[in-house]
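In what follows, every heavy atom counts, from backbone to side chain, and hydrogens, waters and symmetry copies are set aside.
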Protein chains: 2
Amino acid sequence: MSLDAVLARIDADLPAATERLLDLLRIPSISTDPAFKADCDAAADWLVADLNALGIAAEKRTTPGHPMVVGHIEGTGPHLLFYGHYDVQPVDPLDLWDRDPFDPEIQDTPKGKVIRARGAADDKGQLMTFVEACRAWKEVKGELPCRLTFFLEGEEESGSPSLVPFMKENAEELKSDLALICDTGLFESRVPAITTMLRGLLGEELTITGPSRDLHSGMYGGVAINPVRVLSKIIASLHDETGRITVPGFYDGVPELSDEMRAQWQGLAFDHATFLGDVGLSQPAGEQDRTPLEMIWSRPTCEVNGIWGGYTGAGFKTVLPSKAHAKISFRLVGTQDPLKIRESFREMVRAMLPPDCEVEFKPHGASQAGAFDTSDPVFEKARQALSDEWPDTAAYIGCGGSIPIAGHFANILGTTPMLIGFGKDDDQIHSPNEKYDMESFHKGIRSWARVLAALTGKG
Amino acid sequence: MSLDAVLARIDADLPAATERLLDLLRIPSISTDPAFKADCDAAADWLVADLNALGIAAEKRTTPGHPMVVGHIEGTGPHLLFYGHYDVQPVDPLDLWDRDPFDPEIQDTPKGKVIRARGAADDKGQLMTFVEACRAWKEVKGELPCRLTFFLEGEEESGSPSLVPFMKENAEELKSDLALICDTGLFESRVPAITTMLRGLLGEELTITGPSRDLHSGMYGGVAINPVRVLSKIIASLHDETGRITVPGFYDGVPELSDEMRAQWQGLAFDHATFLGDVGLSQPAGEQDRTPLEMIWSRPTCEVNGIWGGYTGAGFKTVLPSKAHAKISFRLVGTQDPLKIRESFREMVRAMLPPDCEVEFKPHGASQAGAFDTSDPVFEKARQALSDEWPDTAAYIGCGGSIPIAGHFANILGTTPMLIGFGKDDDQIHSPNEKYDMESFHKGIRSWARVLAALTGKG
């Protein structure tokens, strides 16, 4: 049976596939930091070259930000699109990394081999699972199983400012029968999963200015307004005692979970003690009347992602700072309207400002939540293919993260998105010492070969 | 009359004196940052050489931190000690400086010539006013007017960790009849002043840890405790709605102002609209039932001097941080006990910690407030000397800042401290673009010549 030949080829080629991934991981393509612009470009070039080597007509397409990589190859059967992103998160705090984040290494751990590097799991390793599945297929069968479009982004970790305009301008070119997206994870690090519910994301940066310059706290302390105190008070007021978010109108459009979904999620036997214990915690800190799985999959949040102001170096400096800053994000669900919430949040902050203080806001992305209909038979086909590869039967799950691209495929292109990924909970994405399990990489490649076979009826 | 000759010599030597100060200002002696250790050493060497050139037996004395510069010269009449500090504050935020903070320049401004550099006012320029007065005196008269001890510190801006042990170990050597300290300012940038009331200072750095590592806010947001939110809540609770500090027992030992002192301060006609307006503010933000002058001279404070946690770079990163940090300081008055307040503050913070959070404290100095008796006739002599130099009659004033050295002279050495300085409110000490007015420098040198004459009966 020829799918077996493809799978055998994947097994045999794993060392070479790993080397290719390590090459890509060596490129520090941090999209949010302008200092790494040339590196983002280099990562795009690398992918163009690799896709070209597969016979795919790929090219770098310019945007006002980092380039998109778009590639096409003709074929029979359904037209499938594959999406992944080649940019990565910043690496700070660098001193908490055990090694250079861009000097990847295969490490033996008690849980098996891992690929250690920034971007190993998010998303270069995941992206390459699909590319490697295609490579093995082509090498065994001489051609890919269907018409394919590759659509690889370089701004996913910095709010995707160019994505929607690019999709709109190139809608005809990008439309396909199904968009496969590889940027999610296994359920409980074990169960293969198709993610059908995603939270939206609203990002805001605010700067509060009090005095027109930094002051000496001896000379002005006690009489001049301190913007750090003002900011702290605002942040402290964003949640009430029960963990609910206090931004007016915030819960408009937040649906209650259906009984069916709640029952299915209870059936998943989510181990919240381990989920929290893995990161040194014992108690869920969110809304007190919700289960942890509800909190992370179906409830909206408000988090402070960064705060700074005044003297933050070694030692002490008795400065009364002029400015205080915070980066705050909201995860959204249901039909919560990110733009309305942005305005309501800003209004709330302005209303809390004491005399002599000013606030400036900087938006950082705004995407609605998404929930995808799984009635199209392709979902059951893919779920079966995943179940064939992994010990557990694949599940339809929610996801606390935000993958705005999924909604854009549906809304802009009319293309059904399907989110399949192989990340694990301890991959430490966005954190120091990010890794991707060799198991995720290997079985991920094999999973895509099986999904391609199932969706095209070939193999 | 020979004091006139000294004053004339000061006037004639001003360009050369200024060049010497610029030399000293070029040394980036930031004491709080270990990266500048060699520069602190170099500043001490510079001062040793300059004092030696005056015939003063000066040397660098090692401490566990930065060295002290101690110099002696014999003479008749009272034994006077002079204290100043050669270390400076850090320079961040560097982008707000108009020029390199350690490339000093004489600038013409609408208010007159200024010496622009980090440390120009705090305290190198002030320190050199006394040294230059001695130089002129020696050059005109061949010898200094009395027995003198120089005691110059290099850790004043970093909590003076070596000061008290050094004073105790060398008490016999440092004891004198009067300790002159030049690290304060003119009242209202105009009226010469002897500062007789100083606030104490308690510095604390706290680190709150929630999750054991930085998390993805999509995966954990809403369920994992966020230490920035915890820290914000703590900071927000440190003051009540009326501006009073809520640390239990904080106001123990805070005296009410005497009617006499209140009357004298009202007589000073402090222009709080200008004081606040100079830094872009219009309303005093402290305790609502106090005048601004009371707030800064006689009331205790609690200020956040720095805060940081999570992602603070360009762009956005949806991290849920593991740690949040703040530097907090308290200005103390009367007999408030810094160590008791430290414990009470820490206890209050610990009591506010939610489950799964830990706090670490790092102390940064603790000094009691000081108030000095002005009944010794030397005070009236010095006040008269200052009044002779400046258009306004000199005043006894309070000071919002903390100069722990003053209390140490009294308590450890039994030596009366006398605080005279020539800084102005807009010197921007501890801020970008620090400056020292050429008027402060020039008339400061002349003032010391007059004070030396008044205290020794010579000249």
Side-chain angles (χ1 to χ4, degrees), chain A residues 32-33 89-90 158-159 203 211-219 221-226 228-229 232-233 235-236 279-286 292 295-296 299 301 303-312 314-320 327 329 331 355-356 364 400-402 429-431, chain B residues 32-33 89-90 158-159 203 211-219 221-226 228-229 232-233 235-236 279-286 292 295-296 299 301 303-320 329 331 355-356 364 400-402 429-431:
Chain A
T32 202
D33 187 338
Q89 280 276 317
S158 54
S212 55
R213 58 178 173 84
D214 284 0
L215 304 176
H216 185 309
S217 77
M219 196 179 291
V223 67
I225 190 83
N226 183 325
V228 177
R229 285 172 48 195
S232 295
K233 206 166 166 181
I235 291 171
V279 296
L281 303 175
S282 66
Q283 299 191 29
M295 288 182 200
I296 55 176
R299 298 296 297 174
T301 69
E303 286 300 345
V304 185
N305 305 113
I307 189 167
W308 70 105
Y311 182 67
T312 60
F316 211 86
K317 184 174 165 180
T318 52
V319 65
L320 196 163
K327 294 179 197 271
S329 64
R331 299 280 170 179
D356 293 331
H364 283 286
S402 303
I429 65 170
H430 296 208
S431 290
Chain B
T32 202
D33 187 338
Q89 280 275 317
S158 54
S212 54
R213 58 176 173 86
D214 283 1
L215 304 175
H216 186 309
S217 77
M219 196 180 290
V223 67
I225 190 81
N226 184 326
V228 178
R229 284 171 49 195
S232 295
K233 207 166 166 182
I235 291 171
V279 297
L281 302 176
S282 67
Q283 299 191 30
M295 289 183 200
I296 54 175
R299 298 296 297 174
T301 69
E303 286 300 346
V304 185
N305 304 114
I307 189 168
W308 70 105
Y311 182 66
T312 61
F316 212 86
K317 183 174 165 181
T318 52
V319 65
L320 195 163
S329 64
R331 299 280 170 177
D356 294 332
H364 283 287
S402 303
I429 64 170
H430 295 207
S431 290

Chemist: Determine the option with the most heavy-atom pairs under 4.5 angstrom with chain A, choosing from Ser329(B), Ala285(B), Gly203(B).
Modeler: Ala285(B)

Chemist: For Tyr311(B) and Trp308(A), which heavy atoms make the closest approach, and how far apart are they?
Modeler: O-CZ3, 4.2 Å

Chemist: Are the side chains of Arg331(B) and Thr318(A) in contact, using a 4.5 Å heavy-atom criterion?
Modeler: yes

Chemist: Below 4.5 Å from any heavy atom of chain B, which atoms of Thr301(A) appear? Answer side chain, backbone, both or neither.
Modeler: side chain

Chemist: Hey, are the side chains of Val279(A) and Arg213(B) touching, using non-hydrogen atoms and a 4.5 Å cut-off?
Modeler: yes

Chemist: Of the listed residues (Gly159(B), Ser158(B), Ser282(B)), which shares the most heavy-atom pairs with chain A below a 4.5 Å separation?
Modeler: Ser282(B)

Chemist: Give the member of Gly309(B), Ala314(B), Pro355(B) that has the highest number of heavy-atom pairs under 4.5 Å with chain A.
Modeler: Gly309(B)

Chemist: So what's closer than 4.5 Å to chain A heavy atoms on Arg299(B): side chain, backbone, both or neither?
Modeler: neither

Chemist: Considering only heavy atoms, which portion of Thr32(B) lies under 4.5 Å from any heavy atom of chain A: side chain, backbone, both, or neither?
Modeler: both

Chemist: Indicate the atoms forming the closest heavy-atom contact of Met219(B) with Ile296(A), along with that distance.
Modeler: O-CG2, 3.3 Å

Chemist: Looking only at heavy atoms and a cut-off of under 4.5 Å, which of Leu320(B), Ile225(B), Asn226(B) has the most pairs with chain A?
Modeler: Asn226(B)

Chemist: What's the spacing between Ile429(B) CD1 and Leu215(A) CG if we round to 0.5 Å?
Modeler: 10.5 Å

Chemist: With sequence neighbours left out, write down each residue that passes side chain to side chain contact (heavy atoms under 4.5 Å, CB included) with Ser232(B), or none if nothing qualifies.
Modeler: Ser232(A), Ile235(A), Ile307(A), Val228(B)

Chemist: If we define contacts as heavy-atom pairs under 4.5 Å, which of Val304(A), Asp214(A), Val223(A), Asp33(A) has the most with chain B?
Modeler: Val223(A)

Chemist: Do any N or O atoms from the side chain of Thr312(A) and from the backbone of Gly306(B) form a donor-acceptor pair under 3.5 angstrom?
Modeler: no

Chemist: Rounded to the nearest 0.5 Å, how far apart are NZ of Lys317(A) and CG of Asn305(B)?
Modeler: 10.0 Å

Chemist: Taking all non-hydrogen atoms of both residues into account, name the closest pair between Ser212(A) and Gly280(B) and its distance.
Modeler: OG-N, 3.5 Å

Chemist: Side chain of Asp356(B), backbone of Gln283(A): donor and acceptor closer than 3.5 Å?
Modeler: yes

